Amino acid sequence: MKQLCPRFEKAMQLFSKRWVGLILFELLEGSKRFSEMESELPVSGRLLSERLKMLEQEDIVERKVYSEFPVRIEYALTEKGRAMEPVISEIKSWSKNWVSHQEGDNI
């Protein structure tokens with residue numbers, strides 16, 4: 001039996017976590033505040049926070065705090081995160097050609 005490359009396996013585990021792909025897709029547009037992502041994605045604030053912390057630990061997302069009043073916090077992709085752009089673009093292209101969408105789908 002062929003053994004999986006440990007790096008590939010880790011990458012697949014990371015990117016297959018629910019909402020990670022959509023978070024990356026949102027951040028490809030540029031840096032965003034937590035509240036912006038929370039309103040644009042159908043995910044709870046707790047889970048969004050969890051995923052952003054995980055992506056930050058993996059050096060895929062960076063969290064930038066601006067010392068203003070009120071404090072402003074933005075999330076952006078790092079170089080490592082932006083390197084996912086061609087992969088996400090290909091998934092987007094593939095989905096346009098091969099995935100049908102019907103109201104009420106819960107894939």
Side-chain angles (χ1 to χ4, degrees):
M1 180 186 336
K2 184 178 174 183
Q3 194 168 11
L4 282 177
C5 167
R7 289 179 177 186
F8 179 77
E9 186 175 2
K10 181 178 178 181
M12 290 305 293
Q13 287 173 354
L14 177 69
F15 295 113
S16 68
K17 288 189 188 284
R18 192 164 188 173
W19 306 114
V20 167
L22 294 177
I23 292 168
L24 296 176
F25 183 77
E26 283 295 317
L27 289 175
L28 281 171
E29 295 175 1
S31 63
K32 296 201 175 192
R33 296 174 88 161
F34 183 88
S35 59
E36 289 177 289
M37 287 187 287
E38 191 176 27
S39 66
E40 292 172 5
L41 297 170
V43 59
S44 72
R46 184 186 64 72
L47 188 55
L48 178 59
S49 177
E50 210 175 274
R51 293 299 187 255
L52 286 167
K53 284 178 187 170
M54 179 197 68
L55 291 168
E56 194 176 356
Q57 288 172 346
E58 293 291 335
D59 193 35
I60 294 170
V61 167
E62 65 181 344
R63 180 179 185 261
K64 194 166 186 182
V65 179
Y66 295 89
S67 55
E68 302 172 346
F69 185 78
V71 174
R72 180 170 51 114
I73 300 171
E74 290 185 346
Y75 294 88
L77 294 175
T78 62
E79 181 181 357
K80 184 177 177 181
R82 286 188 306 275
M84 284 296 299
E85 185 172 13
V87 176
I88 293 171
S89 292
E90 282 300 315
I91 293 170
K92 182 180 175 185
S93 179
W94 179 85
S95 70
K96 283 182 179 180
N97 293 319
W98 297 101
V99 177
S100 65
H101 173 74
Q102 296 175 3
E103 289 298 318
D105 276 355
N106 287 326
I107 299 175

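These figures come from a predicted structure and were not determined experimentally.
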(request) Check step by step if side chain to side chain contact (heavy atoms under 4.5 Å, CB included) holds for M37 and L48. (result) CA-CA 8 Å; M37 287 187 287; L48 178 59; 4.0 Å; yes

(message) Please evaluate residues E38 and V43 with respect to the criterion side chain to side chain contact (heavy atoms under 4.5 Å, CB included), reporting the C-alpha separation (whole Å), side-chain torsions for both, the decisive distance (0.1 Å), and the verdict.
(response) CA-CA 7 Å; E38 191 176 27; V43 59; over 6 Å; no

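- Between V87 and M84, the closest side-chain pair of non-hydrogen atoms falls below 4.5 Å.
- Between E85 and R82, the closest side-chain pair of non-hydrogen atoms is not below 4.5 Å.
- A salt bridge links K32 with E40: at least one charged nitrogen is closer than 4.0 Å to a carboxylate oxygen.
- The local environment of NZ in K80 is crowded, with over 12 non-hydrogen atoms from other residues, nucleotides or ligands closer than 6.0 Å.
- T78 OG1 to R63 CZ: the interatomic distance, rounded to the nearest 0.5 Å, is 15.5 Å.
- Between R72 and E74 there is a salt bridge, with a side-chain nitrogen of the basic residue lying less than 4.0 Å from a carboxylate oxygen of the acidic one.
- Between I23 and Y75, every side-chain heavy-atom pair lies at or beyond the 4.5 Å cut-off.
- Remark: E68 CD is packed, more than 12 non-hydrogen atoms of other residues, nucleotides or ligands lying under 6.0 Å away.
- A pairwise comparison of heavy atoms in V99 and W94 identifies CG2-CZ3, 3.4 Å as the closest pair.
- Cluster annotation: F25 and M12 are assigned to distinct hydrophobic clusters (Ile/Leu/Val/Met/Phe/Trp/Tyr, side-chain heavy-atom contacts under 4.5 Å, transitive).
- One finds the CG atom of L27 at 5.0 Å from the CG atom of L77 (value rounded to the nearest 0.5 Å).
- For the atom pair W19 CH2 and L47 CG, the distance stands at 8.0 Å (nearest 0.5 Å).
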(message) One pair to check against side chain to side chain contact (heavy atoms under 4.5 Å, CB included): V71 and Y66. What are the steps and the verdict?
(response) CA-CA 6 Å; V71 174; Y66 295 89; over 6 Å; no

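- With rounding to the nearest 0.5 Å, the separation of OG in S95 from NZ in K92 is 8.5 Å.
- A donor-acceptor distance shorter than 3.5 angstrom exists from the side chain of E36 to the backbone of R33, with no hydrogens or angles considered.
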N/O donor to acceptor pairs below 3.5 angstrom from side-chain atoms of residues 49-62, sequence neighbours left out:
unit_1, atom_1, unit_2, atom_2, d
E50, OE1, R46, NH1, 3.0
R51, NE, R18, O, 2.9

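- Here I73 contributes atom CD1 and S35 contributes atom OG; the two are 10.0 Å apart, rounded to the nearest 0.5 Å.
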